[in-house]
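Working notes, beginning with the structure itself.
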Amino acid sequence: MLGTPVEQADDLVDQAYEADDPDEQAALAERALALDPDCVDAHLLLTTRADDAEVALAHAERAVAAADRALARVEARPAEQGGFAAEAAALLPSWARARVELAQGLLALDRRHGEVVALLEAVLERAPEDDRGAAALLVTTLLHLGRDDDARAALAARAGAPPGEAGAASDVEPTPEDLAEPAARPGVDLGLAAAWAGALLAFRRGGPEDVAALEALARAHAANRHVPDYLLGRRRLPLDLEARPDPGSRLEAARWALDHAGPWRETEGALAWLAANPPPPIPPPERPVARLPAGDARALEDLPQDRERVWQLGARRLPRWVREGAEPVRPWIVVALEVGPGGGAGEVVGAQLVLEPPGPADLWEVALEAMRSPRAGRPRRPGRLEVHEREVAAEIVRASGAVGVTCAAAGLSAFDEVVARRARRMADVGPPGLVDVAGATPTALEALCSAAAALYAARPWEALGDDVAVALTPADGPGAALHAVVLGGAGGLCGLVTGEDAAALAPGTATGRGVALLFEEAHELPALDVEAIEAGGWPVAADDAWPRVYRFGPDGVAAASAEDLAALERAARALAAGGAALAADVPGDPPRHVAGAHGAWTLALAPLPGGAEALEPLAGGEPAPEAGAEAPPTAGGAPPPGPDEVPAPPA
């Protein structure tokens, strides 16, 4: 390696950022510091790679000191030597980043808030065009300190208001449009942070019923509607927070919440206000039913027509997941069905998969394609089209009259029978779920979902670790004793596992077996479970609290039994009612008596063989497919459908 020690250190840092292994990155950064103790970028890399907050803070402090020394050396150079401005400008990005990293480290440890403000104000004064998030962090710090007027002034200054108008800025909450105006002031606008800071400031000033506060919240929802999911704990932070987020995405909301949620949680009533005023639902895109050009209408009128023949048009959401970009979605199948004699089940003459909720235009397009090129038989026209809703029929009538076909609303019994059967054939093949529980009644499934929602709302994992089991015994009525382990105390996967004794709740051992109830996002569940829960209207506590149930053992995972559901429900209700009371207990303490709306129990802690590590293999992987089972079509690689089957999802 050639060059001066400083140049060699810079080269090592470049290699570190190109390396994939975090340990290799840290080793290269340490070698760089051995050559140049003032290598700012090496200190910054070690700051972001440190597992301990105190270690990260120490590296950030060294980075700030090294950046100050480097900038001071350049500024102290005699002017006649030249190059001062260019070299200073080259140092500013690392200088600014070091200050922001130190500010974040101090905030994470809740220390030296006055110094945090000074660090961030210095960045905004000297490097406004590349503030590294300093403006947003400054506003959050001021909100944390209760300096609301200063926070308003900081927002207004970032939007380019003259300093003399700072007082006026405190009277009106700045809108995202004000703060994101590119001509107002050079630099990185606050965007999302401005909208949500403005909403909190308005709430603090006017309260939950204030019109200005509600308007500010509406602007915040427009900036990113996913933020409440993370502020209210409805959704876990994604594993990959380093990726570049798209505006308005869940990742953008998660990254914002990681650094800026504190003032919302510290403000009395703010989270309740947020929960009581959710963002409005996103309406499906409106696409009018297109009238046919005269030539197309005449061509269809020339097709043979049986005026007694009825086609039923409808749509059904499929019990399977496909990916649309980064988001898993459940598509809809739009089907045209020619009704059989006497109104019985007929044959599919047209079908199309769509990823958005279908409207009248989608139904009409499928009907047109079925007339031109039906999936069964020759091109033809029906005498009558039937749809579920009168409003949809009215939309289609305006276009269908041009080809001599009527349309009306009716009960689509033949459609419902045929499409439901074919949709189930397209269901995902994956891990077992609730609908795979033999003998379980809708009442039992609803009871399990209700108990799971109560457990998630009580969040006993915030009080209990996953290194102990809880022995649960009914204090009244029937039911055998069982043991449960609450998951989620260390973050990540939440839920519980139950077994006959504590020794059975060790999946990492050869004999570990039990039943799991885990809370996950909808797309992580079998799609048939999601469909059943939605159809039944059964409770789900949050977006990432859909209940996933299965039995685990040495041979893998399998469907739970009806008895397993009853045991899970009993454990969930007992832990929801009294799990938090065990926080101060240790194994061997006397049992606690807990009474709830659904019964009374005694709860006591028991040691878990193997500790928390024993539960790490619990993931609910997919079982091997049965011999001879036909794999369902998958996005991007589906086999062509047969004449009476629905098509595979688009790639």
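Trp601 is not listed as a side-chain neighbour of Leu575, based on a closest heavy-atom distance of 4.5 Å or more. The shortest distance between side-chain heavy atoms of Ser450 and Arg573 falls below 4.5 Å. In this structure, Val468 and Leu582 have side chains that are not in contact, with every pair of non-hydrogen atoms separated by 4.5 Å or more. In this structure, Thr406 and Val397 have side chains that are not in contact, with every pair of non-hydrogen atoms separated by 4.5 Å or more. By the 4.5 Å heavy-atom criterion applied to side chains, Leu385 and Val387 are not counted as neighbours. The shortest distance between side-chain heavy atoms of Asp362 and Gln352 does not fall below 4.5 Å. Annotation: side chain of Pro379 is not in contact with side chain of Ser373 (no heavy-atom distance under 4.5 Å).
One distance of note links CD of Glu386 with CG of Leu337; it measures 10.5 Å at 0.5 Å rounding. The CD atom of Gln312 lies 10.5 Å from the CD atom of Glu417; values are rounded to the nearest 0.5 Å. Summarising the geometry, atom CZ belonging to Arg421 is positioned 12.0 Å from atom CG belonging to Asp416; distances are rounded to the nearest 0.5 Å. For the atom pair CG (Leu192) and NE2 (His260), the distance works out to 8.0 Å, reported to the nearest 0.5 Å. Once rounded to the nearest 0.5 Å, the distance linking OH of Tyr230 with CZ of Arg255 reads 12.5 Å.
When all heavy atoms of Val515 and Phe552 are compared, the pair lying nearest together is N-CE2, 3.8 Å. Residue Ile533 comes nearest to Trp546 through the heavy atom pair CG2-CZ3, 3.8 Å, listed as atom of the first residue, atom of the second, then distance. Summarising the geometry of Ala393 relative to Cys407, their closest heavy-atom pair is CA-SG, 3.9 Å, with the distance given to 0.1 Å. Nearest approach of Ala409 to Glu389, heavy atoms of both residues: CB-C, 3.7 Å. Minimum heavy-atom separation, Thr498 to Ala484: CG2-CB, 4.0 Å. Contact detail for Trp364 and Met371: the closest heavy-atom pair is CZ3-CE, 4.2 Å.
Of the possible polar contacts, one joining the Arg380 side chain to the Arg378 backbone as a donor-acceptor pair under 3.5 Å is found. With hydrogens and angles disregarded, a donor-acceptor distance shorter than 3.5 Å links the side chain of Ser400 to the backbone of Val405. In terms of modelled atom types and a separation under 3.5 Å, the side chain of Asn224 and the main chain of Arg250 share no donor-acceptor contact. Between the side chain of Trp321 and the backbone N or O of Leu525 there is at least one donor-acceptor pair closer than 3.5 Å. Within the 3.5 Å criterion, the main-chain N or O of Gly248 finds a donor-acceptor partner in the side chain of Glu252. Between the side chain of Arg375 and the backbone N or O of Glu347 there is no donor-acceptor pair closer than 3.5 Å. Arg309 contributes a side-chain N or O that, together with a main-chain N or O of Val339, makes up a donor-acceptor pair within less than 3.5 Å.
Of the residues Leu445, Leu517, Leu518, Asp529, the one that meets the side chain to side chain contact (heavy atoms under 4.5 Å, CB included) test with Pro547 is Leu517.
With sequence neighbours excluded, the residues that form a ring-ring contact (aromatic ring centres under 6.0 Å, His included) with His388 are Phe415. Not counting sequence neighbours, the partners of Glu534 by the side-chain hydrogen bond (donor to acceptor under 3.5 Å, both in side chains) test are Arg330. Applying the ring-ring contact (aromatic ring centres under 6.0 Å, His included) test to His221 and every residue at least two apart in sequence or in another chain returns Trp196.
Contacts classified as salt bridge (charged side-chain N to carboxylate O under 4.0 Å, His left out) and involving residues 536-546 (residues at least two apart or in different chains) are given here: Arg235-Asp543. Residues in residues 552-565 take part in these salt bridge (charged side-chain N to carboxylate O under 4.0 Å, His left out) pairs, two or more places apart or across chains: Arg551-Asp564.
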Does Asp436 form a side chain to side chain contact (heavy atoms under 4.5 Å, CB included) with Leu528? I'd like the steps, not just the answer. CA-CA 9 Å; Asp436 300 301; Leu528 283 172; 5.9 Å; no

Using the side chain to side chain contact (heavy atoms under 4.5 Å, CB included) rule, take Leu496 and Leu568 through it: C-alpha gap first, then chi angles, then the decisive distance, then the call. CA-CA 9 Å; Leu496 62 85; Leu568 278 178; 3.6 Å; yes

Can you list the steps and then say if Leu353 with Leu318 is a side chain to side chain contact (heavy atoms under 4.5 Å, CB included)? CA-CA 9 Å; Leu353 268 169; Leu318 290 176; 3.3 Å; yes

Does Phe519 form a side chain to side chain contact (heavy atoms under 4.5 Å, CB included) with Leu455? I'd like the steps, not just the answer. CA-CA 10 Å; Phe519 294 110; Leu455 178 70; 4.0 Å; yes

Which atom pairs, one a donor and one an acceptor, fall under 3.5 Å between side chains of residues 270-279 and the rest of the protein, sequence neighbours left out?
from   : atom 1 : to     : atom 2 : distance (Å)
Trp273 : NE1    : Pro208 : O      : 3.1
Asn277 : ND2    : Trp273 : O      : 2.9

